[in-house]
There are 2 protein chains.
Amino acid sequence: MENAIDIYVGLIALFFTLLGIWIATQLTKPRVEKVIVEKEILLPQKEGFTLDQTELEKLNLTNREYEVLQLIARGHSNADIANSLFLSLSTVKTHTSNLFVKMDVKRRTQAMEKARRLQIVD
Amino acid sequence: MENAIDIYVGLIALFFTLLGIWIATQLTKPRVEKVIVEKEILLPQKEGFTLDQTELEKLNLTNREYEVLQLIARGHSNADIANSLFLSLSTVKTHTSNLFVKMDVKRRTQAMEKARRLQIVD
DNA sequence: TTCTCCCTCATACTTTAGTACCAATACCTT
DNA sequence: AAGGTATTGGTACTAAAGTATGAGGGAGAA
């Protein structure tokens, strides 16, 4: 019976193969594949005023008009502005009237609101 | 020589054990470990207005005064406000005058500026 | 009930804002 | 040189905003 030896050897082979598999599963550290997942965190951005150059240019304001607008936005009266920029009250009124037309508003309060909404003043 | 058989069997055992280990390493799927990396990203936060209740309460405004203030902040004239709230121009002026005192400002434009700065209007 | 706010409205007044002209100067472009 | 625009300023006027003061009614607290 030569088969007897073959079967015997085969069983030994099978046994030790399974033993090897078992040993392997016990000993091998799990192969770890790190998958880095980036998680975006929204930080409350603090008062980042970025001037909207596009909107500003659309209005076609002159330098002086824009200067006056900025002071208006800060709550200054025409008299205040005249003093700040060393102009006559008359001149300030001219600038304000002209910028109101360009901004399509009727009062300085509307100009303030719109200027802030368009992001052209802080 | 009985050792010859022992060694022979031992070698077979060792061979198949190693074969088992090799098979095991080939078959076991690498364990995937997700590593979450938090990445802080500054995104332009859109119009997050949060009312500053504290500052609002400090001013001690009445309901009506606060209503009027909100409309002023949106650029409305006294006449507009009177129509919106079904009040006489006279009453609106009374409210505005009173809230100016409480806010320690002299003009509505200053009230607008301060109200926005204190985060009590959007 | 009396006292105190709040809300309402009125009259009278002052101040600020806004409009509608016009005009001189300067600078830049055609 | 001529035309356009920006800047400045003036006068005269109207409109809106703001102040001062008084007053009546309502709601809630002492």
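Numbered from 1 within each chain, the chains take letters A, B, ... in sequence-line order.
The salt bridge (charged side-chain N to carboxylate O under 4.0 Å, His left out) contacts involving residues 50-64 of chain B comprise B/Glu55-B/Lys58, B/Arg64-B/Glu67, where partners must be two or more places apart or lie in separate chains.
A side-chain donor from one of B/Thr91 and B/Ser88 sits under 3.5 Å from a side-chain acceptor of the other.
Applying a 4.0 Å cut-off to non-hydrogen atoms, the residues of residues 73-92 of chain B that approach DNA chain C are B/Leu87, B/Ser88, B/Ser90, B/Thr91, listed by residue number. Shown for residues 99-110 of chain B: residues whose heavy atoms fall under 4.0 angstrom of DNA chain C, namely B/Arg107.
Axis angle, first five pairs versus last five pairs of the helix from C/dT1-D/dA30 to C/dT30-D/dA1: 40°, rounded to 10°.
Comparing A/Lys93 and B/Glu65 along DNA chain C, the residue whose closest nucleotide (by nearest heavy atom) sits nearer the 5' end is B/Glu65.
In this structure, the CG atom of B/Asn60 is 11 Å from the P atom of C/dC5, given to the nearest Å. Counting to the nearest Å, the P atom of C/dC5 and the NE2 atom of B/His95 are 17 Å from each other.
Looking at B/Lys114, its side chain never comes within 3.5 Å of a backbone N or O of B/Val105 through a donor-acceptor pair.
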Which side-chain N or O atoms in residues 71-79 of chain A pair as donor and acceptor under 3.5 Å with protein atoms at least two apart or in another chain?
| from | atom 1 | to | atom 2 | distance (Å) |
| --- | --- | --- | --- | --- |
| A/Ser77 | OG | A/Asp80 | N | 3.2 |
| A/Ser77 | OG | A/Asp80 | OD2 | 3.2 |
| A/Asn78 | OD1 | A/Arg108 | NH2 | 2.2 |

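Residue A/Ser97 places its side chain closer to C/dT19 than to any other of C/dC7, D/dT8, C/dT19.
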Nucleic acid footprint by protein, nucleotides 22-30 of chain D - heavy-atom cut-off 4.0 Å, B for base, S for sugar-phosphate alone = ---------
